[in-house]
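Input: a single structure, listed below in structure tokens.
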Amino acid sequence: MAGTLTHDHHIPRVPVEHRFLGLDKRSFPYAAAVLVVWLVWAVIVPKVNDAIAYDDPVVAGDRMALTDDIVFTPAVGWNVTAGFRVGEEGALPQSGAAVLDSGGVQFAIVPDAFDGTPNELIQQINKVTTRTTKGESFHVTGQRFTVTTDSGEVGVAEGFVSPRTQGVIAAFVIDGTGLQVQVVGPPDQISAVSDQVTDMVESITKTGDSA
Amino acid sequence: MSADTSNAVPDDLLQRRAVALEVSAWGERFHFVQPRNLCFWIYLWLVGSGVVKLVGLYSDQVDYYGGAISVAVAICVVYTAAWWWWFRHIDRWERQPVSLILAGFIWGGLAATFALAITANGAVMSIYAKTFGQVWAADWQAGLTAPFVEETVKAAGFLLLMGLAPRLVRTVNDGLVIGAFIGLGFQVFEDVLYGTNAAARGFGVDPVGGVLSTTALRIVSGVVSHPLFTALFCAGLIYVIGTVAQPRRIGRGLLLIASSMLAHGVWDSAAALSRGKGLAVIGILLGIGVFGWIVLWLAFRLAAPREHAFVRDILGPEVSSGVLTSDEVGAVVDRHARKAYLRGHGRRSRRHLLRAAMDLCEDVAADKGEDTPRVEAARAEIARFRAAAA
């Protein structure tokens, strides 16, 4: 049938009145609608997101809830880009991974179930990281060292470097919950905030009450 | 029994058959490769982008999580096969060409999921977190992102298929069936993605265990998920846009679209709406699931008369020439008439006869109403089953 976009045995020539640059104009409204969907979701909305900065600085007294009963005290002035403060009211009780940044340095703690020692946890983290960043040359640097929090939780830490970043990874295991602590950023910047980072790590503690 | 319908059948019945074949476009084939069609190039571009994104996401993961990814894929293949079979089963009037529904499935799985939804979902959720805070975002971001992002990106594929096959995608039934396949593609690839993410839980100590628990949960919850939402949304689009075969019904279309988005949003927000109370979560999930399935049932009911009319008009000349009886055609399209027809002896042969009548309908459509050897063979089959049923 002339003028249709499909045919039983062959694709028909596009009728003259429906041609534009060799294309069938009748397909344009559908194509235009899809381009609008793409433009909105793949271009405009991500650009709007990029244009909005996180503006959620830590204030004195804040504590971050990693689990129902494991918390840490973030450094005042750092920006919270992910995670939940203790006591924040929502529809659901919230706790989980926390990510903060300051001056190009990112500080992240990821909690998850783990049955083992801090040494076994950091070995597992290294194994997964090495095998999921193939070609990225993830390398541990320096000696592994012990980290002890103010509440007496003992963990281990070591430096790492990859072509894209460098920093420190620490691992704790508190009553079946593993904590992966990661600090990444330019070396100079990390040095500049090292005291605050140390304070945050040492503040990790298990509370008696639910967060 | 054999009949030459062209000699004995009144012209008005043949005319109605011709109109039904023209409007329904039943029996037409789908040609995917259409270089003159802009929809073809946009489809290729966005599916290609999805493939690139998928490879980028998984290429680094395969070494460590390869086993877990394989398990997730294997489960999802079985899951897809089961839903695929059921969707083909409910597409009973004139089944869409496999190439067309495959194009829909691939759009849902690759373009909608990886080229569009992942980027958009992340951006919208990030905007929510920056604007309303992390806690609010954690509670409501899924329910207030997915219905808008995911339903529109899946529907975009349906629009491309309308542009690629305007004669094949034009009834509400087409919207329901093709929408279900687009949604199935989205669901399956999303399940693999969720399964792979779950593999990393617990610091990746037990990747396969993580995949199994998450995929099992996703399969159970898949009863109310993307195929249902997308079927409703695409049926609504047909009503809103209007086609040769379906006059525009904007209100009805918007209601279906809103129902799809409401069901999706409430489903994703069940935990927050119930404030985490276990029984309340189950109640909300059950309630919205029942709501979704009732709306789907209504949509099929609303779509059915159009398809029934096509069947009656296409088979009308066969009744006039004695190949079929009006009771048999009535039994083909109407459930109650079918029950009555199947009562009594020869039930098995009668059921076969009804299936053979649908075969005849398909063959008449495929051969454009001509008395071809294939159509004559279909008529002979009906005569054979009638003799057996007697």
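Just so it is clear, the model here is predicted, and its values are computed rather than measured. To find a chain, count down the sequence lines: A is the first, B the second, and so on, and within it residues start at 1.
- In terms of non-hydrogen atom pairs under 4.5 Å with chain B, the most contact-rich of A/Pro111, A/Ala32, A/Ala33, A/Pro46 is A/Pro46.
- Shortest non-hydrogen contact noted between B/Gly202 and A/Phe114 is O-CD1, 4.5 Å.
- When all heavy atoms of B/Leu116 and A/Ala42 are compared, the pair lying nearest together is CD2-CB, 4.2 Å.
- Looking at every heavy atom in both residues, B/Phe203 comes nearest to A/Val128 through O-CG2, 3.7 Å.
- Within a 6.0 Å sphere centred on CD of A/Gln143, heavy atoms belonging to other residues, nucleotides or ligands number 12 at most.
- Put simply, the side chain of A/Asp55 does not reach to within 4.5 Å of the side chain of B/Lys130, judged on heavy atoms.
- Closest approach of A/Gln94 to B/Asp139, counting heavy atoms only: NE2-OD1, 2.7 Å.
- Neither the backbone nor the side chain of A/Leu21 comes within less than 4.5 Å of any heavy atom in chain B.
- Contacts of A/Leu23 with chain B are made by both backbone and side-chain atoms, with heavy-atom separations under 4.5 Å.
- Listed by chain and residue number, A/Arg144 satisfy the salt bridge (Lys or Arg N to Asp or Glu O under 4.0 Å) test with A/Glu158 (two or more places apart in sequence, or in another chain).
- Between B/Tyr64 and A/Lys127, some side-chain heavy-atom pair lies under the 4.5 Å cut-off.
- Counting only N and O atoms by type, the side chains of B/Thr152 and A/Trp41 include a donor and acceptor under 3.5 Å apart.
- Most heavy-atom pairs under 4.5 Å with chain B: of the set A/Asn49, A/Asp112, A/Val37, this distinction falls to A/Asn49.
- For the pair A/Ser27 and B/Cys39, the tightest heavy-atom approach, listed with the atom from each and the gap, is O-SG, 3.5 Å.
- Both the backbone and the side chain of A/Val45 come within less than 4.5 Å of a heavy atom in chain B.
- Evaluation of the ring-ring contact (aromatic ring centres under 6.0 Å, His included) rule for B/Trp41 yields no partner, not counting sequence neighbours.
- The candidate from B/Ile42, B/Thr119, B/Ile241, B/Leu273 with the greatest count of non-hydrogen atom pairs under 4.5 Å with chain A is B/Ile42.
- Contacts with chain B were tallied for A/Val43, A/Ile52, A/Val40; A/Ile52 has the most, counting heavy-atom pairs under 4.5 Å.
- Comparing B/Thr131, B/Asn121, B/Leu159, B/Ile118 by heavy-atom pairs within less than 4.5 Å of chain A, the highest count is held by B/Leu159.
- In this structure, the side chains of B/Trp45 and A/Trp38 come closer than 4.5 Å at one or more pairs of heavy atoms.
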Give the C-alpha distance, both sets of side-chain angles, the deciding distance and a yes or no for salt bridge (charged side-chain N to carboxylate O under 4.0 Å, His left out) between A/Asp24 and B/Arg36.
CA-CA 6 Å; A/Asp24 190 332; B/Arg36 302 287 183 184; over 6 Å; no
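- Heavy atoms of B/Tyr43 lying under 4.5 Å from chain A are absent altogether.
- For the pair A/Asp115/B/Val205, no side-chain contact is recorded, criterion being any heavy-atom separation below 4.5 Å from C-beta on.
- B/Leu38 touches chain A through backbone and side chain together, each having a heavy atom under 4.5 Å away.
- Contact annotation for B/Leu46: only side-chain heavy atoms (C-beta onward) come within less than 4.5 Å of a heavy atom of chain A.
- Across all their heavy atoms, A/Tyr30 and B/Gly163 have their closest contact at CD1-CA, 3.4 Å.
- In the model, A/Thr132 has no side-chain atom that pairs as donor or acceptor with a side-chain atom of B/Asp60 under 3.5 Å.
- No part of A/Thr177 comes within reach of chain B, as not one of its non-hydrogen atoms sits under 4.5 angstrom from that chain.
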